[in-house]
There are 2 protein chains.
Amino acid sequence: MLSNSRVAYREHNHLRCQNAAMQRARSLCEQHKVRLTPIRENVLRLLWQSHRPLGAYEIIEQLSDAGEKSVKPPTVYRAIDFLLEQGLAHRLATLNAYIGCPFPGNPHRFAVFVCQACGSAAESSFEAIDNAIGAAAARADFEVHGQAVEVTGLCPQCRGKADD
Amino acid sequence: MLSNSRVAYREHNHLRCQNAAMQRARSLCEQHKVRLTPIRENVLRLLWQSHRPLGAYEIIEQLSDAGEKSVKPPTVYRAIDFLLEQGLAHRLATLNAYIGCPFPGNPHRFAVFVCQACGSAAESSFEAIDNAIGAAAARADFEVHGQAVEVTGLCPQCRGKADD
DNA sequence: CGCATAACGTTATAACATTACATAAATATG
DNA sequence: CATATTTATGTAATGTTATAACGTTATGCG
C-alpha cells in the first residue's frame with residue numbers, strides 16, 4: 001500500500017514535497033524521452049503548491065497573474081493532458097480539479113481521499129480496494145479498464161476540530 | 001451484495017424494469033411525503049428508458065421534443081436534484097450523467113460499472129468495496145462521508161464481441 | 001378563504017472544456 | 001547545415017455542463 005495520507009493533511013515541509021515531485025517529474029520525463037517544457041513544468045509546480053486539488057481555471061489565473069500575458073485555456077489544458085498521460089497528475093472528476101500524483105512511475109490504480117473541510121487530498125494505492133472492485137467486476141463478467149475512486153469526508157486534523 | 005449487472009447489459013424486458021422503477025419511486029415518495037410531480041416523474045422515466053446514463057442536456061432535449069414548449073436547464077436540474085436527494089437517481093461524475101437507482105430505499109454506498117462500448121451502466125452495492133475503502137480510510141484516520149466509485153471497461157456482451 | 005411554502009418559468013451567466021487554425025520551436029534527415 | 005517533419009504553443013471562437021436570481025403559479029394548511 002502506497003499512500004501520502006500521513007503527510008498530506010498535516011503541517012509539513014511542503015517545499016520538500018514540491019521539490020521532490022518536480023525532481024521525480026524531470027527524471028521520469030527524461031527516462032520516457034518526453035519533454036517537460038516550461039509550461040508543463042509550471043503547471044505541475046502549481047499542482048504541487050499544496051495538497052489541495054486545483055481547477056483548470058485557477059491554474060490559468062495563477063499563470064496569468066505570474067506572467068505578463070494572459071494564459072488561455074487550451075494552453076493549460078494541453079499541459080494538463082500531458083501530465084495526465086505521463087501519470088504525473090490525476091483528474092478528480094467529482095471536483096473538476098487536478099492533483100499532482102505522489103507516486104508517478106508506479107503504474108497504479110488509486111483512490112483519493114478529499115477532506116471536505118480543508119480541501120486537502122491524499123492518494124492511496126491500496127490493493128484491497130482494487131481487489132474488491134475486481135471481485136465485483138468478476139461476478140458481473142465485467143472487464144475492468146479503469147477506475148475512479150473518490151472518497152469525501154474529514155481528514156484527521158479537521159476531524160479533531162469538528163469534534164469540539 | 002445488490003447488483004443489477006445480470007440484467008443491465010443483456011437483452012431484457014426493459015419496460016418491466018422501467019415500470020417497476022417508477023412504481024418504487026411513487027411508493028417511496030408517498031412514504032416520505034414528498035411529491036413526485038409530473039416533471040420529476042418524466043425525468044425519472046427518461047433516466048429509466050435504458051441503462052445508459054443520460055446527460056442533463058439530453059434530458060432537456062428529449063423533454064423539449066416531447067412537449068410543446070422548450071424546457072430550460074433549471075427545470076431539469078431541479079428535478080434531478082430532487083431525484084438525487086431522494087436516492088432515486090445517481091450522478092456519474094466521470095460522465096457528467098445520471099442514472100436511475102435500481103435500489104432506492106436501501107440507503108447504500110455503491111459502485112457503478114460503465115461499459116465503454118455500449119454505454120450501459122450497472123450498479124453494484126458490494127460490501128467488500130466499501131469495507132476496503134473503510135480500511136484504507138481507517139489507516140489514514142480519515143472519516144468517510146461519501147464515496148464515488150466509477151469503473152469503466154467492457155460488459156460481458158461487448159467483451160464477447162471484442163474478442164473476435 | 002388567506003397565508004405560507006414548495007414547485008416551476010425565465011433570463012442570464014458562471015464554470016469547465018474543446019475545436020480549429022495559425023505560428024513557432026525542436027528534432028530528424030539528407 | 002539546410003530543410004523537412006514533428007511537436008509544442010498562441011489565439012479566437014465556441015461547446016458543454018451547471019447555477020444564480022427573481023418572478024409566478026400551484027399546493028397544502030390553519
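Below, chain A is the first sequence line, B the second, and so on; all start at residue 1. No experiment lies behind these values; they were computed from the predicted model shown. The analysis underlying the following values was restricted to heavy atoms, covering all of them including side chains, and did not include hydrogens, waters or symmetry mates.
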Between Pro38(A) and Ala56(B), just flag the one whose closest nucleotide in DNA chain D comes earlier from the 5' side.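 So the residue in question is Pro38(A).
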
So, does [X] get its side chain near the phosphate of [N], meaning an N or O under 4.0 Å from OP1 or OP2?
X: Tyr98(A); N: dA17(C); value: yes
X: Lys33(A); N: dT27(C); value: no
X: Arg78(A); N: dT18(C); value: no
X: Asn96(A); N: dA15(C); value: no
X: Lys72(B); N: dC8(C); value: no
X: Thr37(A); N: dT9(D); value: yes
X: Thr75(A); N: dG10(D); value: yes

Using whole Å, report how far [atom1] of [X] lies from [atom2] of [N].
X: Leu63(B); N: dC8(C); atom1: CG; atom2: C1'; result: 14 Å
X: Tyr77(B); N: dT13(C); atom1: OH; atom2: C1'; result: 14 Å
X: Ile59(B); N: dT17(D); atom1: CD1; atom2: P; result: 11 Å
X: Leu36(A); N: dA8(D); atom1: CG; atom2: C1'; result: 13 Å
X: Glu41(B); N: dA7(C); atom1: CD; atom2: P; result: 15 Å
X: Ile80(A); N: dA17(C); atom1: CD1; atom2: C1'; result: 10 Å
X: Ile60(B); N: dT11(C); atom1: CD1; atom2: P; result: 15 Å
X: Ile39(B); N: dT24(D); atom1: CD1; atom2: P; result: 18 Å

Step through the shown structure and confirm whether more than 12 heavy atoms of other residues, nucleotides or ligands are within 6.0 Å of CD on Glu127(A). no

Quick one, Leu44(B) and Glu41(B) - any side-chain contact, counting heavy atoms below 4.5 Å? no

Please tell me which of the listed nucleotides, [options], lies nearest to the side chain of [X]?
X: Arg40(B); options: dC8(C), dT19(D), dG10(D); value: dC8(C)
X: Arg91(B); options: dG9(C), dG10(D), dT17(D); value: dT17(D)
X: Arg35(B); options: dA18(D), dA6(C), dG9(C); value: dA6(C)

Please answer whether dC16(C) and Tyr57(A) are stacked, defined here as ring centres separated by less than 5.5 Å and planes angled under 30°. yes

Residue whose nearest DNA chain C nucleotide is more 5′ - Ser70(B) or Val34(B):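 Its nearest nucleotide lies further toward 5', so the answer is Val34(B).
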
How close do Arg109(A) and Gly146(A) get, heavy atom to heavy atom, and via which atoms? NH1-CA, 3.6 Å

For the residue pair Phe110(B) and His108(B), does the interplanar ring angle fall in the parallel (under 30°), tilted (30 to 60°) or perpendicular (over 60°) class?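 Tilted, since the angle between the ring planes falls between 30° and 60°.
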
Please state whether the rings of His12(A) and His51(A) are parallel, tilted or perpendicular, taking 30° and 60° as the class boundaries. tilted

Distance from Thr152(B) atom OG1 to Gln116(B) atom CD, nearest 0.5 Å? 4.5 Å

